[in-house]
Amino acid sequence: MSHISILMENQPGALSRVVGLFSQRGYNIDSLSVAPTNDSSLSRLTMVVKEEESVISQILKQLNKVIDVVEVQNLSDVESVSLEIAIVKLKITEKEASKIIESAFPIVGEIINHKDEFVMIKLIGSNHEVDDFLLSLNKQKFLEVTRSGLLGMGTGENFLISESETTIEY
Amino acid sequence: MKKESGGSALIRALADENVDLLFGYPGGAALHIYDAIYQQDKVQHILVRHEQAAVHAADGYARATGKVGTVLVTSGPGATNAITGIATAYMDSIPLVVISGQVASHLIGTDAFQETDMMGISRPIVKHSFLIQSPEEIPEVVKKAFIIAKTGKPGPVVIDVPKDMTDPNHLFDYQYPKDIKMRSYSVPSEVEESNIEEAVSLLEKAKKPVLYAGGGIIQGNATEELKKLAKIMNAPVTNTLMGLGAFPATHENFIGMLGMHGTYEANMAMHEADLIFALGSRFDDRTTNNPQKYSLNAKKIHLDCDYGSIEKIINVDVSLNGDAKKILNQILNKINPKNIDKASIDLWNNEILNWRETHGLNHDLLDKKFHQKQILPQQVIQSLYKSTNGKAFITSDVGQHQMFAAQYYKFDEPRKWINSGGLGTMGFGLPSAMGVKFAFPDADVVCVTGEGSIQMCIQELSTCMQYGLPVKIINLNNRALGMVKQWQDMQYGGRYSSILYEDSLPDFVKLAESYGHVGIKVENISELEERMDECISMKDKLVFMDVYVDPDEHVYPMLEAGGNMSEMRVSKTKKTF
Ligand SMILES: Cc1ncc(C[n+]2csc(CCOP(=O)(O)OP(=O)(O)O)c2C)c(N)n1
Ligand SMILES: [Mg+2]
């Protein structure tokens, strides 16, 4: 399992090139999150890929070949932090919800909505923590979940892109 | 500064890229562009009879010249017809720029008349693609497309142009950019000196080296450097199907093509080598047989401009990612002829010669003693080789005839052998020959084909008439989809499923004549050579030579599926394992 960070042009079709690469070459994506960055011409993706080491190195090479991809970093190769956000809808009372959240420590949870007999909880944690939390829920009362997929970033000097190597002239 | 519309800017940008020929076929979404073509004379448009042929023709032109081939098609069916051609070019890393018309921007996504998602359909088979979003960006996009198509690992680039982007009433200042900045595109940088040193040290130590050269050496224009290296080492050289001509076939160090239908000696050498230097070849499954059993005793060096190809299939000891010419020159500067193990390599060359003597190809089948009733397809290629003095451009289709041409036509120069190696596209031969003939009007250009393949783009006989393209078509007519038949013979107990035409083949002589060309039919070995000379000597006529060959002939050697490189069938009855 590898976490991969990708910086790509915020262009129509760019995402489909990256995702298409995975289906075309038969690689499995476990999760994928994508959004624009502070530079609106760029999007940043975090991908979780369940493949062997040798396949991962092929994936990194093939990703680098995609022309809309500006930079690729294997977060598993550097020190990095990662987390996932999830929203869960449960058919419980607010009181029951607070209890669940308390007992779920160290995962951070918060009630974000209560409507009719439904409560929505926001969770932030590692993806294992989110997995464990969801497994612990009573199946009858657990109605829906949406997860962001893993978000990750290298620590300290482990930038995805160094300012100097951004453009090449032809 | 003359103002241009999107349509005229597109054609002017092609002219600024020194494009002289644009192969294509018109239609609604491309009409503004076609009107712009009409109003200028720098770029000549070649009207083919099917968009697949337009792409193959541009592809043949690109392979023969080393330049970028260009294509223009309309939206919808025009675009989808081009797809097979684009995939063919993609698999063989051929630089093309394919411009497709598209429905107007505001109609995209509405299932408009002749709308297809060209960006989506072509995505897995292009190096890159662009959707034009404003007419003003056209010059810049064209410039980028050409750079991307021809640099690094070359490949086809699609530019999808919605009709409103070429509106003749929308004018703007045209300027063709001198240089372009692309932050997300780069070509491989220099190889580290330490890598070169490691490679050189392996080359110097080798006792049983093989230089295994592919299409990358041709595309990288590194054939002279390869010759020098082979000479310094006195090392045997094998070429892949795509690499034929990268090293002269008549050179004493040449051991033939390797792989599925490679020579016995080349495949044996790959199996027994202690060093394999892969140069611009990608360890394709047709050249490795079972990768788990592949050349287990050999150290491996891999030079390739595409680092995605390195360690994709075979792990190597030294990887050299970059420009073949540059890297080979670095190696040539470093390597010390005195350190090379000449004595061992002499023994090795002898071993290879022995293999050649046991099961090598017989290049003298025109000798009277091999004259039987039926013409052997190999004899036709040998006769063609003689009639053209080994100097022709040979394009080919896909099947047994392709393999016979690859085995028996001895290519001494790069860019003379034009075939669809990666995708294996039947129908490639005739249109690609047209592209070559446009580029080299005075050269002999011959399409070696089969009666199956030629019918996949036979309509181009008409294009050849219109533009006066006197290519030669040598049809190895075995009355069957021969290569499929061979597999059915070998693996399916001779159950011939759907490979025969039941007397439905056309009279190819009459067919050629109906287009205004010359047709020749040959059924007897006694007349083969004379008719071949006659065919080749008709310099200003397209000649369709329909040669009836032995329908039961198989292509050998043939690697045994799942085996190693030494496990081959060498005839219908003999195998090496
Ligand atoms: C477009 C396409 N369809 C199918 C095939 C599969 N195929 C490979 S060789 C072959 C037979 C080719 O027959 P012919 O052109 O007569 O050549 P021969 O093998 O008889 O020399 C076929 C059907 C292919 N390569 N390309
Ligand atoms: Mg045939």
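Just so we're on the same page: letters track the sequence lines, and every chain starts at 1.
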Checking heavy atoms, do the side chain of [X], its backbone, both or neither come under 4.5 Å from chain A?
X       : result
D306(B) : side chain
I147(B) : side chain
K178(B) : backbone

Chi angles and distances behind the side-chain contact (heavy atoms from CB on, under 4.5 Å) call for T151(B), Y185(B): CA-CA 10 Å; T151(B) 56; Y185(B) 180 64; 2.6 Å; yes
If the threshold is 4.0 Å, N to carboxylate O, is there a salt bridge linking E190(B) and K326(B)? yes
Tell me whether T287(B) contacts the main-chain N or O of F283(B) through its side chain, where contact means a donor paired with an acceptor under 3.5 Å. no
Between K153(B), K144(B), Q133(B), which residue shows the highest count of heavy-atom pairs closer than 4.5 Å to chain A? Q133(B)
What option among G152(B), S129(B), G120(B) has the most heavy-atom pairs under 4.5 Å with chain A? S129(B)
Comparing S41(A), G13(A), S54(A) against chain B, the one with the most heavy-atom pairs below 4.5 Å turns out to be S41(A)
Assess the side chains of Q62(A) and Y27(A): does a donor N or O sit below 3.5 Å from an acceptor N or O? no
Taking atom types as modelled, is there a side-chain donor on E84(A) or S148(A) under 3.5 Å from an acceptor on the other? no
Cut-off 4.5 Å, heavy atoms of chain B, and the answer for L21(A) is backbone
Could you check if a side-chain atom of K300(B) sits within less than 4.5 angstrom of a side-chain atom of I314(B), using non-hydrogen atoms only? yes
